[in-house]
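Please read all numbers here as calculations on a predicted model, not as lab measurements. What you see below is based on every heavy atom in this structure, not just the backbone, and it leaves out hydrogens, waters and symmetry mates. Just so you know, ligand 1 is whichever comes first in the structure, and atom 1 is the first atom listed for that ligand.
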Amino acid sequence: MKRILVTGATGQIGSELTMVLRKRYGNDNVVAAGHRRKPSDELLNSGPFEIIDTTKRDTIEEVVKRYNIDTIYHLAAILSAVAEAKPLLAWNVNMGGLLNVLEVAREHKCAVFVPSSIGAFGPNTPKDNTPQDTIQRPNTMYGVTKVSGELLCDYYYKRFGVDVRGVRFPGLISYVTLPGGGTTDYAVEIYYEALKKRKYTCYLKPDTYMDMMYMPDAIKAAIDLMEADPKRLIHRNAFNVTAMSFAPKDVANEIKKYIPDFVIDYDIDPVRQAIADSWPNHMDDSAARKEWGWKPNYDLASMTKDMLEKLSDKLGIKI
Ligand code: AKB
């Protein structure tokens, strides 16, 4: 039986991943840990919850020892737009936190899941069909921490045998928990605003293409990779994974199929536009498909239908 710790459990991915893991492995076997955001009642009432500041190694180690943890999903991180505003905080949390988690995993023989991101690529990476192994010279603090994190994970596997695995997540869309300060956040906000105001002002240009994924697929990717046969894994860390590639104008057109009077306009934020412009349009995720059977279930059309249905229930607003 697995004994799992999820850091960043109050965040966009963690809040949903924790509930899926609890269903799969038993409520008491999955410890949710947060620090900055307040946990939801669902998270608090369904299993153990602990405060962990991942920049303080002893707070991680104490929980790992007390609960006899053997697997850590390490999700606590600062996202791209906040990282540009607070680069030192991003370095401390994204690198310091990761190093602490890997050290605790080495000492206590834990497996670790670590998400990287499309942010690990930069302006001179090939933009279309971005290969699994390619140029990575990001020009943002977020990207610097993501590439360094990928290398650190490879190092801990090769040097110390820590079973650390991970994917490069694209922008993630969900109706449960809002993302906190990323460049791809527009793709979540647009659904809320479409329902609430029939109008959305987008901070990216209409034709800014990026990889995206619906949260159920992201959770499936994390769990499937951690359960994959290690003998089949050639890469282990930082697998490209994607489900769809779209631009703001595409998601607006899809929403209009359900809300015909929905209007999008644009007020460009130069910081987030520059970050988005430095990321791929569309990654090649064939290594993940081959090595552990990655296959998403949702595309833009099926995600939009589900997002609008679930959000209209949640917000109590009729489509
Ligand atoms: C962000 O926009 O910072 C994240 C990411 C793509 O890593 N959603």
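- Using cut-offs of 30° and 60° for the angle between ring planes, the F239 and H235 rings count as perpendicular.
- No donor-acceptor pair under 3.5 Å is formed between the side chain of T55 and the backbone N or O of G97.
- Between Y73 and F113, the ring planes lie tilted relative to each other; the angle falls in the 30° to 60° range.
- Residue L75 forms a side chain to side chain contact (heavy atoms under 4.5 Å, CB included) with just one option from L17, V114, T10, T18, and that option is L17.
- In this structure, Y142 and W279 have tilted ring planes: the angle between them lies in the 30° to 60° band.
- Hydrophobic cluster membership for V82: I78, L89, V93 (Ile, Leu, Val, Met, Phe, Trp, Tyr linked by side-chain heavy atoms under 4.5 Å, directly or transitively).
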Could you go through ligand 1 and list every pair where one of its N or O atoms sits under 3.5 Å from a protein N or O, giving the atom names and the distance to one decimal?
unit_1	atom_1	unit_2	atom_2	d
ligand 1	2 (O)	S80	OG	3.4
ligand 1	2 (O)	T183	N	2.7
ligand 1	2 (O)	T184	N	3.1
ligand 1	2 (O)	T184	OG1	3.3
ligand 1	3 (O)	S80	N	3.0
ligand 1	3 (O)	S80	OG	2.6
ligand 1	7 (O)	S117	OG	2.7
ligand 1	7 (O)	Y142	OH	2.6
ligand 1	8 (N)	T184	OG1	2.9

